[in-house]
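Notes for the one structure printed next.
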Amino acid sequence: MCRASFDGWLVGMTITTGARQAEAVTLRSVRRTYGIGGAAVTALDGVSVGFRDGSFTAVMGPSGSGKSTLLHCAAGLDQPTAGTVSVGGTELGGLSEHRLTTLRRELIGFVFQEFNLVSALTATQNVALPLRLAGRRPAPDDIAAALASVGLADRGGHRPSELSGGQQQRVAIARALVTRPAVVFADEPTGALDLRSSRQVLGLLREAVHGHGQTVVMVTHDPLASAYADRVLFLADGHLVDELTAPGTPGDAGFAAEVAARMARLEA
Ligand SMILES: Nc1ncnc2c1ncn2[C@@H]1O[C@H](COP(=O)(O)OP(=O)(O)OP(=O)(O)O)[C@@H](O)[C@H]1O
């Protein structure tokens, strides 16, 4: 169990071959429709899925298949039109805006596709922000270590406009991980990174899961990145249509090839 555990965690436990495993996040029949009438778009069409405590899941699918919507609904950043989302046994739909914000702050880290760094703050200040918002005093060594873990030890004093896209993405990843949240959602966390930085970030996400017991759900377009996860889900037209379990070797080339083949079929 990771440090950021919480009351109610045991709700929703399942028994699997004698081991008791909780679901960190559960979506039941989640539907999300944008717009109304003839202009309505159904981004998610009745998705039911659980993300086990301490698991690393990749979500893949063609552009527009609903991946970001799934992540946003699961993280309480967007509200399903129908269905329920629970994080650590707490159903989000019944929460006030204040309680939802608190729950998100305490339990969830989110890496946004477009980074969402605060432009007026330095990299160090951006990484420290979740701790400040939670009323905790950031320890300078912890912030420095978080930046060093993404290869940015020497960029702490730089503002986002002074960093490359890949560097901004790594600051966003350090910010999402610094509080060791129970669940980390990452929307294309390696999208702007070169191969070396991608491997570093995927290694960090695996370490969050296998070293600290956190739960990671990552949207990616990259089959090689998905091969660092334990499980790959495939979305198409707002439906979960396929699923693969990884063999256990991070970045396994054969598994990545199988993921790529399934994606090619979905995109055909
Ligand atoms: N705020 C919104 N208003 C209207 N339609 C939206 C909105 N957000 C998403 N959609 C639509 O919902 C569908 C799913 O979008 P979503 O961003 O979840 O897909 P995605 O799989 O993440 O795509 P990509 O891989 O291109 O990022 C798309 O058809 C998109 O146009």
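All figures in this text were calculated on a predicted structure; none of them were measured in a lab. Remember, it's 1-based here, ligands and their atoms both numbered in the order they're listed.
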Q: Report yes or no: do Ser68 and Asp187 form a side-chain donor-acceptor pair below 3.5 Å?
A: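 A pair is found: one side chain offers a donor N or O, the other an acceptor, under 3.5 Å apart.
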Q: Would you check if there is a donor-acceptor pair between the side chains of Gln200 and Ser197 at a distance under 3.5 Å?
A: no
Quick one: look up the protein heavy atom nearest [atom] and list residue, atom name and how far away it is.
atom: atom 6 (C) of ligand 1; result: Tyr34 CD1, 3.3 Å
atom: atom 27 (O) of ligand 1; result: Gln113 NE2, 3.6 Å
atom: atom 15 (O) of ligand 1; result: Thr69 OG1, 3.8 Å
atom: atom 21 (O) of ligand 1; result: Lys67 NZ, 2.8 Å
atom: atom 23 (O) of ligand 1; result: Gly64 N, 2.9 Å

Q) Protein heavy-atom contact under 4.0 Å for atom 30 (C) of ligand 1? A)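 It does not: no protein heavy atom is found less than 4.0 Å away from atom 30 (C) of ligand 1.
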Q: Pick whichever of Ala43, Ser68, Ser63, Ser65 has a heavy atom sitting closest to atom 22 (O) of ligand 1.
A: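 Considering heavy atoms of Ala43, Ser68, Ser63, Ser65, the nearest to atom 22 (O) of ligand 1 sits in Ser68.
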Q: Would you check if Pro181 and Val184 make a side-chain contact, meaning some heavy-atom pair closer than 4.5 Å?
A: yes
(Q) Less than 4.5 Å apart, side chain to side chain, heavy atoms only: is that true for Tyr228 and Thr220? (A)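 The answer is no, as the side chains (C-beta and beyond) never meet within the 4.5 Å cut-off.
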**Q.** Output field: ring centroids His72/Phe185 closer than 6.0 Å
**A.**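 No - the distance between ring centres of His72 and Phe185 does not fall below the 6.0 Å cut-off.
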Q. Rounded to the nearest 0.5 Å, how far apart are NZ of Lys67 and NE2 of His221?
A.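 The distance works out to 3.5 Å.
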Q | Euclidean distance, Leu133 CG relative to Arg136 CZ, rounded to 0.5 Å | A |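 Going from CZ on Arg136 over to CG on Leu133, the span is 11.5 Å.
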(Q) Does the residue Gly61 have a heavy-atom contact with ligand 1, meaning some pair of atoms that are separated by less than 4.0 Å? (A) no
Q | Main-chain N/O of Leu117 paired with Gln168 side-chain donor or acceptor, under 3.5 Å | A | no
Q.
For ligand 1, which is the ligand I care about here, please tell me if Val41 has any N or O atom under 3.5 Å from one of the ligand's N or O atoms.
A. no
Q: Would you mind listing which atoms of ligand 1 come within a distance below 4.0 Å of any non-hydrogen atom of Pro62?
A: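 By the 4.0 Å cutoff, the relevant atoms are 21 (O).
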Q: Check ligand 1 against His221 and write out every atom of the ligand that is under 4.0 Å from a heavy-atom position of the residue.
A: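 Reading through ligand 1 atom by atom, the close ones are 25 (O).
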